[in-house]
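Nothing here was measured: the structure is a model prediction, and the numbers come from that model.
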Amino acid sequence: MTTNEIQKAAERVAKLRAQAEKLSAPLADAQAELEAAQEAEATRRAERGEVYDREYSNNWSGRAMEAANSGDDSHARFYELLAEEPWFAAYVEYRSARHKRRHVLDEAQRAQRALQEVVTVPEQRYYPVAILTDIESYAEKKAAEKAAEFADELRKARDEFLDKKE
(Lines give C-alpha, C1' and ligand atoms only; values in the text may rest on other atoms or scores of the structure.)
Protein backbone atom coordinates (compact mmCIF):
# COMPACT_ATOMS: atom_id res chain seq x y z
CA MET A 1 0.00 0.00 0.00
CA THR A 2 1.30 3.42 -0.86
CA THR A 3 1.42 6.41 1.41
CA ASN A 4 -1.37 8.04 -0.57
CA GLU A 5 -3.61 4.96 -0.12
CA ILE A 6 -2.84 4.86 3.59
CA GLN A 7 -3.70 8.54 3.92
CA LYS A 8 -7.01 8.06 2.06
CA ALA A 9 -7.92 5.08 4.27
CA ALA A 10 -7.06 7.06 7.41
CA GLU A 11 -9.20 9.99 6.24
CA ARG A 12 -12.06 7.60 5.51
CA VAL A 13 -11.75 6.03 8.98
CA ALA A 14 -11.70 9.49 10.57
CA LYS A 15 -14.76 10.54 8.55
CA LEU A 16 -16.69 7.38 9.50
CA ARG A 17 -15.63 7.77 13.15
CA ALA A 18 -17.00 11.33 13.13
CA GLN A 19 -20.28 10.12 11.60
CA ALA A 20 -20.52 7.36 14.20
CA GLU A 21 -19.94 9.81 17.03
CA LYS A 22 -22.52 12.14 15.52
CA LEU A 23 -25.13 9.31 15.40
CA SER A 24 -24.23 7.73 18.73
CA ALA A 25 -25.85 10.49 20.79
CA PRO A 26 -29.30 10.12 19.14
CA LEU A 27 -28.95 6.34 19.33
CA ALA A 28 -28.21 6.53 23.05
CA ASP A 29 -31.18 8.85 23.49
CA ALA A 30 -33.43 6.50 21.54
CA GLN A 31 -32.23 3.53 23.61
CA ALA A 32 -32.91 5.44 26.82
CA GLU A 33 -36.42 6.33 25.58
CA LEU A 34 -37.04 2.69 24.70
CA GLU A 35 -35.90 1.50 28.12
CA ALA A 36 -38.02 4.14 29.84
CA ALA A 37 -41.05 3.16 27.77
CA GLN A 38 -40.48 -0.53 28.52
CA GLU A 39 -40.13 0.17 32.24
CA ALA A 40 -43.28 2.32 32.18
CA GLU A 41 -45.19 -0.45 30.38
CA ALA A 42 -43.91 -3.06 32.83
CA THR A 43 -45.00 -0.86 35.74
CA ARG A 44 -48.41 -0.24 34.15
CA ARG A 45 -48.91 -3.97 33.54
CA ALA A 46 -47.84 -4.78 37.09
CA GLU A 47 -50.34 -2.25 38.45
CA ARG A 48 -53.10 -3.57 36.17
CA GLY A 49 -52.14 -7.10 37.20
CA GLU A 50 -52.56 -6.16 40.84
CA VAL A 51 -56.00 -4.66 40.13
CA TYR A 52 -57.05 -7.76 38.18
CA ASP A 53 -55.64 -10.15 40.78
CA ARG A 54 -57.30 -8.28 43.66
CA GLU A 55 -60.68 -8.24 41.87
CA TYR A 56 -60.35 -11.93 40.98
CA SER A 57 -59.24 -12.84 44.48
CA ASN A 58 -62.19 -10.98 46.00
CA ASN A 59 -64.76 -12.57 43.67
CA TRP A 60 -63.42 -16.07 43.17
CA SER A 61 -66.16 -17.81 45.15
CA GLY A 62 -68.94 -16.46 42.95
CA ARG A 63 -67.02 -17.40 39.85
CA ALA A 64 -66.28 -20.85 41.25
CA MET A 65 -69.97 -21.37 42.09
CA GLU A 66 -70.97 -20.26 38.60
CA ALA A 67 -68.39 -22.58 37.03
CA ALA A 68 -69.50 -25.50 39.21
CA ASN A 69 -73.16 -24.98 38.32
CA SER A 70 -72.50 -24.32 34.65
CA GLY A 71 -72.74 -28.02 33.88
CA ASP A 72 -76.08 -28.70 35.59
CA ASP A 73 -78.19 -28.35 32.43
CA SER A 74 -75.70 -30.42 30.45
CA HIS A 75 -75.78 -33.11 33.11
CA ALA A 76 -79.58 -33.34 32.96
CA ARG A 77 -79.48 -33.32 29.14
CA PHE A 78 -76.88 -36.10 29.26
CA TYR A 79 -79.20 -38.36 31.25
CA GLU A 80 -82.10 -37.59 28.93
CA LEU A 81 -80.09 -38.40 25.83
CA LEU A 82 -78.47 -41.44 27.43
CA ALA A 83 -81.88 -42.91 28.29
CA GLU A 84 -82.87 -42.63 24.62
CA GLU A 85 -79.88 -44.63 23.38
CA PRO A 86 -80.70 -48.25 22.40
CA TRP A 87 -77.28 -49.52 23.50
CA PHE A 88 -77.83 -47.93 26.91
CA ALA A 89 -81.26 -49.54 27.24
CA ALA A 90 -79.65 -52.91 26.47
CA TYR A 91 -76.97 -52.25 29.06
CA VAL A 92 -79.62 -51.34 31.65
CA GLU A 93 -81.44 -54.60 30.92
CA TYR A 94 -78.19 -56.52 31.36
CA ARG A 95 -77.37 -54.81 34.67
CA SER A 96 -80.98 -55.23 35.78
CA ALA A 97 -80.59 -58.99 35.34
CA ARG A 98 -77.62 -58.88 37.72
CA HIS A 99 -79.76 -57.00 40.27
CA LYS A 100 -82.67 -59.39 39.80
CA ARG A 101 -80.36 -62.29 40.61
CA ARG A 102 -79.29 -60.47 43.79
CA HIS A 103 -82.96 -60.05 44.81
CA VAL A 104 -83.60 -63.75 44.17
CA LEU A 105 -80.59 -64.67 46.31
CA ASP A 106 -81.61 -62.20 49.05
CA GLU A 107 -85.13 -63.63 49.12
CA ALA A 108 -83.84 -67.21 49.19
CA GLN A 109 -81.51 -66.34 52.09
CA ARG A 110 -84.38 -64.65 53.93
CA ALA A 111 -86.58 -67.71 53.40
CA GLN A 112 -83.91 -70.08 54.72
CA ARG A 113 -83.41 -67.90 57.78
CA ALA A 114 -87.19 -67.68 58.36
CA LEU A 115 -87.35 -71.48 58.23
CA GLN A 116 -84.34 -71.56 60.54
CA GLU A 117 -82.43 -73.56 58.00
CA VAL A 118 -78.72 -73.31 57.38
CA VAL A 119 -78.25 -70.62 54.75
CA THR A 120 -76.83 -72.35 51.71
CA VAL A 121 -77.63 -69.61 49.19
CA PRO A 122 -74.41 -67.94 48.05
CA GLU A 123 -73.71 -64.23 48.40
CA GLN A 124 -74.14 -62.09 45.35
CA ARG A 125 -71.02 -61.61 43.26
CA TYR A 126 -70.41 -58.24 41.70
CA TYR A 127 -69.33 -58.23 38.08
CA PRO A 128 -67.94 -54.88 36.99
CA VAL A 129 -68.35 -54.00 33.36
CA ALA A 130 -65.27 -52.58 31.65
CA ILE A 131 -67.29 -50.53 29.17
CA LEU A 132 -68.21 -48.10 31.94
CA THR A 133 -64.56 -47.61 32.82
CA ASP A 134 -63.78 -46.94 29.17
CA ILE A 135 -66.65 -44.46 28.84
CA GLU A 136 -65.70 -42.73 32.07
CA SER A 137 -62.04 -42.51 31.05
CA TYR A 138 -62.92 -41.07 27.64
CA ALA A 139 -65.41 -38.63 29.19
CA GLU A 140 -62.77 -37.44 31.69
CA LYS A 141 -60.27 -36.93 28.87
CA LYS A 142 -62.75 -34.84 26.88
CA ALA A 143 -63.80 -32.92 30.00
CA ALA A 144 -60.16 -32.09 30.77
CA GLU A 145 -59.73 -30.78 27.22
CA LYS A 146 -62.79 -28.53 27.60
CA ALA A 147 -61.54 -27.34 30.99
CA ALA A 148 -58.13 -26.54 29.47
CA GLU A 149 -59.88 -24.39 26.86
CA PHE A 150 -61.65 -22.57 29.71
CA ALA A 151 -58.32 -22.05 31.49
CA ASP A 152 -56.91 -20.56 28.27
CA GLU A 153 -59.88 -18.20 28.12
CA LEU A 154 -59.18 -17.10 31.71
CA ARG A 155 -55.54 -16.41 30.88
CA LYS A 156 -56.54 -14.49 27.74
CA ALA A 157 -59.03 -12.41 29.74
CA ARG A 158 -56.28 -11.49 32.20
CA ASP A 159 -53.85 -10.64 29.38
CA GLU A 160 -56.49 -8.53 27.64
CA PHE A 161 -57.15 -6.72 30.90
CA LEU A 162 -53.43 -6.08 31.35
CA ASP A 163 -53.03 -4.90 27.76
CA LYS A 164 -56.00 -2.52 27.99
CA LYS A 165 -54.90 1.12 28.16
CA GLU A 166 -56.77 3.15 30.76
K.L.:
Salt bridge check, Lys142 against Glu145: does any charged N sit closer than 4.0 Å to a carboxylate O?
P.N.:
yes

K.L.:
A side-chain contact here means heavy atoms from C-beta on lying under 4.5 Å apart; do Trp87 and Leu82 qualify?
P.N.:
yes

K.L.:
How close do Arg125 and Arg98 get, counting heavy atoms only, and between which atoms?
P.N.:
O-NH2, 4.1 Å

K.L.:
Quick one: do Val92 and Ile135 end up in the same hydrophobic cluster if we chain Ile, Leu, Val, Met, Phe, Trp and Tyr together by side-chain heavy atoms under 4.5 Å apart?
P.N.:
yes

K.L.:
Which ILVMFWY residues can you reach from Val121 by hopping between side chains whose heavy atoms are under 4.5 Å apart?
P.N.:
Leu105

K.L.:
Taking CZ in Phe150 as the centre, count heavy atoms belonging to other residues, nucleotides or ligands within less than 6.0 Å. Is the count above 12?
P.N.:
no

K.L.:
Among residues two or more places apart or on two chains, list those pairs meeting side-chain hydrogen bond (donor to acceptor under 3.5 Å, both in side chains) that have a residue in residues 147-156.
P.N.:
Asp152-Arg155

K.L.:
State whether Glu136 and Lys141 are salt-bridged, where the test is any N-O pair (Lys NZ or Arg NE/NH1/NH2 against Asp/Glu carboxylate O) under 4.0 Å.
P.N.:
no

K.L.:
Within the structure provided, determine whether Leu81 and Glu85 are in side-chain contact (heavy-atom separation under 4.5 Å).
P.N.:
no

K.L.:
Do Thr43 side-chain atoms and Glu39 backbone N/O form a donor-acceptor pair below 3.5 Å?
P.N.:
yes

K.L.:
Would you give the length of the straight line joining atom OH of Tyr52 to atom NZ of Lys164, rounded to the nearest 0.5 angstrom?
P.N.:
12.0 Å

K.L.:
Can you measure from OG (Ser70) to NE2 (His75) and round to the nearest 0.5 angstrom?
P.N.:
12.5 Å

K.L.:
Could you state whether Phe88 and Tyr79 fall into the same hydrophobic cluster, counting links through intermediate Ile, Leu, Val, Met, Phe, Trp or Tyr residues with side-chain heavy atoms under 4.5 angstrom apart?
P.N.:
yes

K.L.:
Under 3.5 Å, side chain of Ser57 to main-chain N/O of Arg54, donor-acceptor pair present?
P.N.:
no

K.L.:
Indicate yes or no for a side-chain donor-acceptor contact from Arg95 to the backbone of Ala90 under 3.5 Å, with no hydrogens or angles considered.
P.N.:
no

K.L.:
Atom CD of Gln112 and atom CD of Gln109: how far apart are they, to the nearest 0.5 Å?
P.N.:
7.5 Å

K.L.:
Measure the NZ-OG distance between Lys100 and Ser96 for me, rounded to the nearest 0.5 Å.
P.N.:
4.5 Å

K.L.:
Compare every heavy atom of Leu154 with every heavy atom of Tyr56, then report the nearest pair and how far apart it is.
P.N.:
OH-CD2, 3.5 Å

K.L.:
Got a second to check how far Gln38's CD is from Gln31's CD, nearest 0.5 Å?
P.N.:
10.5 Å

K.L.:
Are more than 12 heavy atoms, taken from residues, nucleotides or ligands other than Asp72, located less than 6.0 Å from that residue's CG atom?
P.N.:
yes

K.L.:
Do Arg158 and Asp53 have side chains that approach each other closer than 4.5 Å (heavy atoms only, starting at C-beta)?
P.N.:
yes

K.L.:
So Glu5 and Lys8, side-chain contact (heavy atoms from CB on, under 4.5 Å) or not? Walk me through it.
P.N.:
CA-CA 5 Å; Glu5 290 174 337; Lys8 282 184 181 181; 5.7 Å; no

K.L.:
Can you tell me how far the NE2 atom of His99 sits from the OH atom of Tyr94, to the nearest 0.5 Å?
P.N.:
10.5 Å

K.L.:
Under a 4.0 Å N-O cut-off, is there an ion pair linking Asp163 with Arg48?
P.N.:
no

K.L.:
Whether Arg63 and Glu66 form a salt bridge (side-chain N of Lys/Arg under 4.0 Å from carboxylate O of Asp/Glu) is what I want to check.
P.N.:
no

K.L.:
Can Asp106 and Arg110 be said to form a side-chain contact (heavy atoms from CB on, under 4.5 Å), step by step?
P.N.:
CA-CA 6 Å; Asp106 288 348; Arg110 186 208 56 77; over 6 Å; no

